[in-house]
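Every heavy atom of this structure was used, including side-chain atoms; hydrogens, water molecules and symmetry mates were not. Protein chains get the first letters and strands the later ones, always in sequence-line order, with residue 1 at the start of each. Owing to the predicted nature of the structure, the values given are computational and were not obtained by experimental measurement.
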Amino acid sequence: MTHFFDQLADDLKGRLSALAAAGTIPALPETLGGVVIEPTRDPAHGDVATNAALALSKVLGLKPQVLGQQIAEAMRGHPAVVEASVAGPGFVNLRLSDGFWRDQLAAILAAGAAFGASDKGQGQKVNVEYVSANPTGPLHVGHCRGAVFGDALAALLEKIGYAVTREYYINDAGGQVDTLARSAFLRYREAHGEAIGEIPEGLYPGDYLVPVGAGLKEKFGDRFLNQPEEIWLKPVKDFAIAAMMVMVREDLEALNIKQDVFFSEYSLHTSGRIDEALQVLIDKGLIYEGVLEAPKGKQPDDWEPRPQTLFKASEFGDDTDRALKKSNGAWTYFAADIAYHLDKYRRGFRRQIDVWGADHGGYIKRMRAAVKAISGGEAELDVKICQLVKLTRGGEPVKMSKRSGSFVTLRDVVDEVGKDVVRFMMLTRKNDAPIDFDFDKVTEQSKDNPVFYVQYAHARARSVLRNAAVDIPGLDTGRASLAGASLDRIATVDELALVKLMAAFPRQLEAAAEAHEPHRVAFALYDLAAGFHGLWNKGKDDPSLRFIHKDDPALTLARLALLQAVCDVIASGLGILGVTPVEEMR
RNA sequence: GGACCCGUAGCUCAGCUGGAUAGAGCGCUGCCCUCCGAAGGCAGAGGCCGAAGGUUCGAAUCCUUUCGGGUCCGCCA
C-alpha cells in the first residue's frame with residue numbers, strides 16, 4: 001500500500017503524459033522524479049499542492065503559470081479533486097473532497113495499528129548495528145540512547161518494508177577484556193576470603209563483578225589461586241565476558257530490546273577472516289607499507305614514525321590513510337572492523353547502518369571508506385552518531401551510580417522512570433543533538449512532557465470509547481461496528497482536519513525511514529496528539545462537537561470511529577518507538 | 001593544526017531532503033473553570049533562521065568563506 005500523496009502523484013504523471021501525447025504540452029523528460037504532491041503548509045492553499053509546473057517549466061519551455069493552468073485543468077478531471085488553482089510562483093493547489101478524506105479514515109480503521117506500513121523497502125536487507133558496548137560492565141545511559149535509537153530505527157525500516165537484522169558487535173578481543181579478566185580475578189580472590197582492599201587504578205571497580213568472582217569460585221574452585229596470569233587469563237576472560245553479555249542482554253530486555261545477531265570480534269581473529277579482508281584490499285591494490293605523519297594538535301609523547309601496513313582510506317574520502325597492523329604485528333581494531341563489515345556485506349547487506357556514541361565521530365570517514373572499498377562501492381554504510389544524554393534531577397547533574405562504581409547505568413534510569421518514558425524521551429531529539437533528561441520532568445504529567453501528552457491522547461480517546469458504551473446502552477463500540485459507521489457524519493472542518501493529519505502519517509513514516517531519523521515519528525505523534533486534544537477541547541465550548549450524543553447513536557458511532565482511528569495511528573507510531581499505548585493514565 | 005556536529009523566539013527545540021506569510025512547548029501579557037478528564041482552554045506580544053557572499057524561478061535547508069559553542073584526533077577500543 002502506498003500513501004495517497006504518491007497515488008495522486010502517479011495519477012498526475014499519467015495526466016501529464018496524456019497532455020504530452022495529445023500535444024497540449026511539449027514532450028516530457030525521461031523521469032519526473034522532481035515532481036511531487038505535498039501537503040500545503042497553509043490550509044488556505046488547499047489540501048495538497050504540486051510543484052510540477054515549477055519543476056517542468058524550464059525543460060518544457062513554458063512559463064510556470066501557463067503550465068500550471070494546464071495541470072490544474074487536467075487535475076480537475078480527478079474524481080477526488082474539487083478545486084484546482086495556480087498560486088504563488090506556479091504551485092498547483094488542490095482541494096480534495098470530504099468523501100476522499102472519509103475514505104482515508106476508513107483506510108485507517110481497516111489497517112488498525114498496522115496503519116502506515118508499506119512495501120516501499122521491497123524486502124531489501126538492512127543491517128542495523130547498535131549498542132555494541134564493550135562487554136566489561138553494565139550498559140550506561142549513553143548506550144541507552146543508542147539502544148533505543150537503533151531499535152526504533154530498525155522498527156521504522158521494518159514498517160516500510162525492509163528486511164531488517166538487528167545486530168550487536170561484541171568487542172571481545174582487545175585489551176579491555178583483559179582488564180575485565182584481571183578485575184574479575186580480583187573478585188575471585190575476594191570470593192575465596194582474601195581482603196582485596198581498594199580496587200587498584202586501571203581495573204573495573206563496579207560491584208557487578210562480585211557475583212562474577214563468586215561464579216568463578218564455583219566453577220574453578222581454588223585452581224587459579226596463586227597461579228600466574230598466563231594460566232588463568234583466558235578461562236577467566238571467557239567466563240567474565242559470558243557473564244557480562246548475560247548482563248547486557250538483561251539490560252537490553254529491560255528496554256524490550258532483542259537483537260538478532262551477537263557477533264564476536266574475537267571470532268574474526270581466530271577464523272582468519274581478517275586476513276581474508278586484507279587480501280580483498282590487497283587484490284584491489286589498496287594496501288601498502290608506509291609511514292604516517294604524527295597527528296597534529298595533541299602530540300602523543302611516544303610518537304615515532306614507523307613503516308606500517310596501511311589502507312588507502314584517503315582514496316575513499318578519509319583524511320589520511322589508516323593503519324591495519326600494530327608494530328607488534330597484531331591487527332588494529334580497524335582491521336577487525338573492516339573484516340566485520342565485509343562479513344555483513346557477504347551476508348547480503350548492501351545497506352548497513354551503524355549507531356555509535358558521540359566519541360566515535362572521528363571514526364566515520366574511515367569506516368565508510370572501508371565499506372566502499374571492500375564492496376567495490378556496492379554497499380552503503382550510514383553511521384548515526386548519538387550525542388550525549390545529560391542527566392539531571394531538579395536541574396542538578398546526576399553522575400554516579402553505586403552498582404557500576406562510576407557511571408549511571410541504563411538500569412538505574414529504566415528502573416526509576418520505566419521503559420516507555422525512557423524510550424520516548426530518547427527519541428524526542430535528533431540523534432546528533434544532545435538530550436537533557438531530567439528525572440523529575442520526564443515523569444511529570446503536564447503538557448510540556450511529550451511522553452505524557454501523547455499517552456494521554458490515547459488514554460483519553462480510549463476513555464471516551466468506554467464512556468460511550470456506558471452512556472448509550474446497546475451501542476456496539478467494537479472495531480467491526482465502528483468500521484461500519486456512517487462516516488459521512490464526519491463533517492466538521494475540525495474533524496476533517498484531524499483526518500488529514502492522520503492521513504499524512506504514512507508519508508511522514510517513509511520520510512523518517514529514508515532519512516534514518518526515528519525522532520520524526522515522535523514529533524509526528526506529538527502533532528497528532530495536539531490535533532486530537534484540540535478537537536476534544538472544542539467540545540468544551542460547543543457541545544455539538546462532542547463525541548458522545550445520546551440522542552444520535554449514528555453520529556456517535558461515526559465520531560467514535562474517528563477516535564478509534566486516532567488510537568490506531570498513535571498505536572502504530574508508538575509501536576515503532578517501542579512504547580506501549582496506555583488505556584488510562586493513573 | 002585538522003576533522004565532524006551544532007548555531008532558528010527570552011529558554012529548550014522542530015522544520016517532512018529546495019517551496020508560498022518560519023513553527024511547537026516553556027516563560028511573558030490578557031481573558032476563561034457548574035461543561036464528554038481544567039493533570040487545562042482561548043487570544044496576544046516575541047525572529048535579519050550567527051554573519052557575508054554564491055547557486056536558481058525560489059534558500060533556515062545546497063556550496064564557499066567567516067565568527068561562536070561542542071566533540072574528537074593514536075598502532076586505544
Side-chain angles (χ1 to χ4, degrees), chain A residues 34 36 38-42 44-45 49 51 53-55 57-58 63-64 87-91 93 134 136 171 173-177 265 292 294-300 302-303 306 308-309 318-320 322-337 357-365 385 387-388 428-436 441 444-450 452-453 456 459-460 463-464 467-468 471 504 507-512 514-515 517 519-520 522-524 526-527 530 533-534 536-543 545-550 584-585:
Chain A
V36 293
E38 298 176 307
T40 55
R41 185 173 295 180
D42 185 346
H45 294 142
N51 62 347
L54 290 160
S57 67
K58 197 167 227 179
K63 286 188 173 164
F91 289 101
N93 291 327
N134 295 329
T136 56
N171 299 136
Q176 294 184 21
V177 283
E265 179 191 358
L292 287 179
K296 295 186 174 157
K298 204 175 68 179
Q299 280 281 357
D302 54 350
W303 177 269
R306 287 202 192 90
Q308 295 172 283
T309 303
D318 200 358
D319 308 314
T320 176
R322 302 289 178 179
L324 298 182
K325 273 187 181 176
K326 305 180 198 174
S327 56
N328 65 6
W331 296 110
T332 61
Y333 182 82
F334 183 47
D337 232 344
D359 52 343
H360 283 60
Y363 203 74
I364 298 174
K365 281 188 178 180
I385 293 290
Q387 280 298 332
L388 305 176
T428 53
R429 207 107 305 171
K430 265 187 303 216
N431 61 289
D432 47 16
I435 288 183
D436 291 320
K441 281 192 178 157
E444 195 175 276
Q445 302 200 334
S446 71
K447 191 175 178 179
D448 58 324
N449 179 357
F452 169 77
Y453 197 61
Y456 184 32
R460 186 177 242 179
S463 169
V464 177
N467 289 344
D471 289 354
R507 181 175 172 276
Q508 290 178 300
L509 282 191
E510 272 188 22
E514 278 161 26
E517 291 184 352
H519 77 277
R520 292 193 200 179
F523 281 93
Y526 185 86
D527 288 343
H533 287 309
W536 194 93
N537 286 323
K538 287 243 160 78
K540 282 194 303 190
D541 295 333
D542 183 352
L545 295 176
R546 295 181 188 178
F547 300 108
I548 301 173
H549 293 269
K550 292 181 183 176
E584 57 184 339
M585 306 300 293

A.B. asks: If you measure from the C1' atom in B:rA24 to the same atom in B:rC49, how many Å do you get, rounded?
C.D. replies: 16 Å

A.B. asks: In the strands shown, is B:rC11 matched to any nucleotide by a Watson-Crick or G-U wobble pair with both distances under 3.5 Å, and which?
C.D. replies: B:rG25

A.B. asks: Given the C1' atoms of B:rG74 and B:rC13, what is the spacing between them in whole Å?
C.D. replies: 36 Å

A.B. asks: For A:Y363 and B:rA77, what is the distance between atoms OH and C1' respectively, to the nearest whole Å?
C.D. replies: 9 Å

A.B. asks: Tell which nucleotide pairs with B:rU61, taking only Watson-Crick or G-U wobble pairs whose two distances are both under 3.5 angstrom.
C.D. replies: none

A.B. asks: Contact between A:R460 and A:W536 at the side-chain level, heavy atoms closer than 4.5 Å - yes or no?
C.D. replies: yes

A.B. asks: Could you tell me if A:K325 sits above the aromatic ring of A:W331, with its cationic atom closer than 6.0 Å to the ring centre and no more than 45 degrees from the axis?
C.D. replies: yes

A.B. asks: Rounded off to whole Å, could you give me the CG-to-P distance for the A:D542 and B:rC36 pair?
C.D. replies: 14 Å

A.B. asks: Rounded to whole angstroms, how far apart are CG on A:D319 and C1' on B:rG1?
C.D. replies: 13 Å

A.B. asks: Expressed in angstrom and rounded to an integer, what is the separation of A:N537 atom CG from B:rG41 atom C1'?
C.D. replies: 6 Å

A.B. asks: So if I define the base as every atom that isn't primed, P, OP1 or OP2, how would nucleotides 14-27 of chain B read as a B/S/- string at a heavy-atom cutoff under 4.0 Å?
C.D. replies: SSBB-BB---SSS-

A.B. asks: CG of A:D337 versus P of B:rA77: gap in Å, rounded?
C.D. replies: 12 Å

A.B. asks: Just say parallel, tilted or perpendicular for the rings of A:F523 and A:H519, cut-offs at 30° and 60°.
C.D. replies: perpendicular

A.B. asks: Is it true that a side-chain atom of A:N134 and a backbone atom of A:V177 form a donor plus acceptor pair closer than 3.5 Å?
C.D. replies: no

A.B. asks: Quick one: A:I385 CD1 to B:rC6 P, roughly how many Å, whole number?
C.D. replies: 12 Å

A.B. asks: Taking OP1 and OP2 of B:rA77, is either one under 4.0 Å from a side-chain nitrogen or oxygen of A:K326?
C.D. replies: yes

A.B. asks: Please state the P separation for the pair B:rC26 and B:rU34 - nearest whole angstrom.
C.D. replies: 23 Å

A.B. asks: Sticking with atom C1', work out how far B:rG70 lies from B:rA59, rounded to a whole angstrom.
C.D. replies: 26 Å

A.B. asks: Under 4.0 Å, heavy atoms only, any strand: does A:S463 hit a base, just the sugar-phosphate, or nothing?
C.D. replies: base

A.B. asks: Which one is paired to B:rG1, where only Watson-Crick or G-U wobble pairs with both distances under 3.5 angstrom count?
C.D. replies: B:rC73

A.B. asks: Indicate, with a heavy-atom threshold strictly under 4.0 Å, whether A:G534 touches base, sugar-phosphate, or nothing.
C.D. replies: nothing

A.B. asks: How do A:G174 and A:Y456 order along RNA chain B: which one's closest nucleotide is nearer the 5' end?
C.D. replies: A:Y456

A.B. asks: Any chance you could measure A:H533, atom NE2, to A:Y456, atom OH, to the nearest 0.5 Å?
C.D. replies: 7.0 Å

A.B. asks: For A:K365 and B:rC4, is the shortest distance between a side-chain N/O and OP1 or OP2 below 4.0 Å?
C.D. replies: yes

A.B. asks: Just N and O in the side chain of A:K58: are any of them under 4.0 Å from OP1 or OP2 of B:rC57?
C.D. replies: yes

A.B. asks: Distance check, rounded to the nearest 0.5 Å: A:R546 atom CZ versus A:I548 atom CD1?
C.D. replies: 10.0 Å

A.B. asks: Within this structure, what is the CG-OG1 distance for the pair A:N93 and A:T40, rounded to the nearest 0.5 Å?
C.D. replies: 7.0 Å

A.B. asks: In whole angstrom, give the distance that lies between atom OH of A:Y333 and atom P of B:rA77.
C.D. replies: 9 Å

A.B. asks: Could you give the distance separating B:rU8 and B:rG69 at their C1' atoms, to the nearest angstrom?
C.D. replies: 15 Å

A.B. asks: If we take the C1' atom in both B:rG18 and B:rG25, what is their distance in whole Å?
C.D. replies: 28 Å

A.B. asks: Work out how far the P atom of B:rC67 is from that of B:rC28, and round it to whole angstrom.
C.D. replies: 39 Å

A.B. asks: In whole Å, I'd like the distance from the NZ atom of A:K550 to the C1' atom of B:rC35.
C.D. replies: 14 Å

A.B. asks: Would you indicate whether the side-chain heavy atoms of A:Y333 and A:N171 approach each other to under 4.5 Å?
C.D. replies: yes

A.B. asks: Does the plane of the ring in A:Y363 sit parallel, tilted or perpendicular to the ring in A:F334? Use 30° and 60° as the thresholds.
C.D. replies: perpendicular

A.B. asks: In whole Å, what separates the P atom of B:rU66 from that of B:rU12?
C.D. replies: 28 Å

A.B. asks: Name the closest nucleotide to the A:N467 side chain, picking from B:rC72, B:rC36, B:rA3.
C.D. replies: B:rC36

A.B. asks: Using OP1 and OP2 only, check whether a side-chain N or O of A:R460 sits under 4.0 Å from B:rC36.
C.D. replies: no

